[in-house]
Engineer: 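Below are the structure tokens for one structure; questions will follow.
Heads up: numbering here begins at 1 and tracks the sequence. Bear in mind the structure is a predicted one, so any value in this text is a computation, not a measurement.
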Amino acid sequence: MIPIDTERCKIVRNNVKRRGPGRPGKDHPNGALLLLKAGQSAFARQGFEGASLRGIAAAAGVDPALAAHHFGSKEALWEAVIERLALYLAPYIVELRELKTQAEIPIRARIETALRQLIARVCGEPESGMLISRISAEKGEKLDMLVEKLVRPYHDAFEPLLLEAMRENLIAEQPLDMLYFMLLHAVTMSVSFRHVLGYFGESYDDIERLKRDMTQCLLATFLGKPSNNISRRRELPKRS
């Protein structure tokens, strides 16, 4: 039997850096991404003021020191969250700008493509509407950054398509900024608060079914396009 050096074991054990059970340390390869996703959710649900780095770290399942290691402050994490969303949105902005230049394609087809892309992008980041709503209530610098990085770039790319659609009498002439704002919120809020739909019919836990039904409804409402594949409506209870 090999003798155990108990004194050496004590020294080694005391030199090991402790952290919470199961929590990745600062060298965890996915630590920053885990924090970004947890931060986005926390800011969407609690606002910037209500969220805390410690709470975000706990939601991400990482050591609180990891947040300080990667971002240093809640402010820096917020900026990183918005930059990540801006990168996610950037290819879509490019696609919208390209749609504007494709004059050989009828404007109806281009507007329909833009609306489908909007729904697909929002469904890819389901809490984006909740984030806009929550931060809008706080106003100030955080809202300024959110608008400049996320909302305005999409506005500037989509607005020329809407204006062309009005000139071609595809849609009625109306205040352009109001139309954009209502379209954006109709999609983002419907996705973020889709659980509320469960009070009136089937739950929309299936994001693909949500995407399909939203596309049908938006196209039918906005472009007057008939839909032949709308989900069966819930039977209303008979009155006694």
Side-chain angles (χ1 to χ4, degrees), residues 37 40-41 43-45 81-82 84-100 107-137 143 145-166 170-172 174-227 229-231 233:
K37 290 182 176 180
Q40 179 178 326
S41 182
F43 293 138
R45 296 173 184 277
V81 165
I82 298 302
R84 174 181 172 271
L85 287 174
L87 286 173
Y88 170 77
L89 191 62
Y92 178 46
I93 300 299
V94 173
E95 291 171 1
L96 278 178
R97 289 172 179 161
E98 290 177 351
L99 283 174
K100 174 63 179 73
I107 184 59
R108 182 188 181 97
R110 285 181 282 150
I111 286 287
E112 185 172 321
T113 298
L115 294 176
R116 290 180 184 276
Q117 290 176 340
L118 170 60
I119 291 172
R121 287 290 174 175
V122 173
C123 285
E125 289 290 345
E127 291 184 325
S128 57
M130 195 180 299
L131 181 67
I132 293 172
S133 176
R134 191 65 183 81
I135 298 303
S136 295
L143 178 59
M145 183 178 185
L146 186 148
V147 169
E148 290 306 313
K149 292 285 187 177
L150 303 180
V151 182
R152 188 179 298 282
Y154 174 65
H155 168 276
D156 292 348
F158 195 20
E159 186 180 63
L161 287 169
L162 293 173
L163 184 58
E164 184 177 347
M166 289 183 190
L170 176 63
I171 58 178
Q174 54 200 289
L176 203 54
D177 290 337
M178 179 62 72
L179 174 60
Y180 161 77
F181 195 74
M182 291 181 70
L183 276 172
L184 178 65
H185 279 69
V187 174
T188 58
M189 296 304 169
S190 293
V191 175
S192 291
F193 297 98
R194 61 191 182 279
H195 55 280
V196 179
L197 288 168
Y199 285 89
F200 305 98
E202 297 179 36
S203 174
Y204 272 94
D205 296 329
D206 182 352
I207 200 72
E208 289 303 317
R209 189 170 73 87
L210 173 69
K211 189 188 303 183
R212 183 195 67 216
D213 285 4
M214 281 189 65
T215 300
Q216 291 173 343
C217 288
L218 189 60
L219 293 181
T221 301
F222 191 60
L223 298 178
K225 182 176 180 179
S227 174
N229 191 31
I230 296 177
S231 299
R233 298 176 66 181

Engineer: So which pairs with a foot in residues 181-192 pass side chain to side chain donor-acceptor pair (under 3.5 Å), sequence neighbours left out?
Structural biologist: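 Residue pairs with at least one partner in residues 181-192: there are none.
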Engineer: Have a look at Glu127 and tell me which of Lys37, Arg45, Gln40 forms a side chain to side chain donor-acceptor pair (under 3.5 Å) with it.
Structural biologist: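 That would be Arg45; it is the only one of Lys37, Arg45, Gln40 passing the side chain to side chain donor-acceptor pair (under 3.5 Å) with Glu127.
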Engineer: According to side-chain hydrogen bond (donor to acceptor under 3.5 Å, both in side chains), who are the partners of Gln117, at least two apart in sequence or on a separate chain?
Structural biologist: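 Partners of Gln117 by the side-chain hydrogen bond (donor to acceptor under 3.5 Å, both in side chains) criterion, ordered by chain and then number, come out as Glu95.
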Engineer: For Arg121, enumerate each residue passing the side-chain hydrogen bond (donor to acceptor under 3.5 Å, both in side chains) test, keeping only those at least two apart in sequence or located in another chain.
Structural biologist: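 Expected list: none.
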Engineer: Report the residues that fulfil side chain to side chain contact (heavy atoms under 4.5 Å, CB included) with Ala165, sequence neighbours left out, ordered by chain and then residue number.
Structural biologist: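 Here the qualifying residues are Ile107, Ile111, Leu170, Ile171.
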Engineer: Listing request: all salt bridge (charged side-chain N to carboxylate O under 4.0 Å, His left out) pairs with a residue in residues 150-163, at least two apart in sequence or in separate chains.
Structural biologist: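 For residues 150-163: Glu148-Arg152.
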Engineer: For Ala114 and Leu96, which heavy atoms make the closest approach, and how far apart are they?
Structural biologist: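 In terms of heavy atoms, the two residues are closest at CB-CD2, 3.6 Å.
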Engineer: Quick check against the 3.5 Å criterion: does Thr221 have a side-chain atom that pairs as donor or acceptor with the backbone of Cys217?
Structural biologist: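 At least one qualifying donor-acceptor pair exists.
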Engineer: By salt bridge (charged side-chain N to carboxylate O under 4.0 Å, His left out), which residues pair with Arg84, not counting sequence neighbours?
Structural biologist: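 For Arg84, the residues satisfying salt bridge (charged side-chain N to carboxylate O under 4.0 Å, His left out) (neighbours in sequence not counted) are Glu125.
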Engineer: Tell me every residue that passes salt bridge (charged side-chain N to carboxylate O under 4.0 Å, His left out) with Lys211, counting only those two or more places apart in sequence or in another chain.
Structural biologist: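 So Lys211 forms a salt bridge (charged side-chain N to carboxylate O under 4.0 Å, His left out) with Glu208.
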Engineer: Using side-chain hydrogen bond (donor to acceptor under 3.5 Å, both in side chains) as the criterion, list what pairs up with Glu164, not counting sequence neighbours.
Structural biologist: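 With sequence neighbours excluded, Glu164 shows a side-chain hydrogen bond (donor to acceptor under 3.5 Å, both in side chains) to Arg110, given in chain and number order.
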Engineer: Using the side-chain hydrogen bond (donor to acceptor under 3.5 Å, both in side chains) criterion, which residues pair with Ser136? Sequence neighbours excluded.
Structural biologist: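 Ser136 satisfies side-chain hydrogen bond (donor to acceptor under 3.5 Å, both in side chains) with no other residue.
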Engineer: Which pair of heavy atoms, one from Leu218 and one from Val187, lies closest together, and at what distance?
Structural biologist: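 Where Leu218 meets Val187 most closely, the heavy atoms are CD2-CG2, 4.0 Å.
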Engineer: Going by side chain to side chain contact (heavy atoms under 4.5 Å, CB included), name the residues that satisfy it together with Met145, two or more places apart in sequence or in a different chain.
Structural biologist: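 Result, side chain to side chain contact (heavy atoms under 4.5 Å, CB included) vs Met145: Trp78, Glu79, Ile82, Glu83, Lys149.
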Engineer: So which atom in Ser203 and which in Arg209 form the shortest heavy-atom distance, rounded to 0.1 Å?
Structural biologist: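 In terms of heavy atoms, the two residues are closest at O-NH2, 2.7 Å.
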Engineer: Can you name the residues that form a ring pair (Phe, Tyr, Trp, His ring centres under 6.0 Å) with Tyr154, not counting sequence neighbours?
Structural biologist: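 Ring pair (Phe, Tyr, Trp, His ring centres under 6.0 Å) check on Tyr154 returns Tyr92, Phe158, Tyr180.
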Engineer: Suppose the criterion is salt bridge (charged side-chain N to carboxylate O under 4.0 Å, His left out): which pairs have a residue in residues 176-198, not counting sequence neighbours?
Structural biologist: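 For residues 176-198, and leaving out neighbouring residues, there are no salt bridge (charged side-chain N to carboxylate O under 4.0 Å, His left out) pairs at all.
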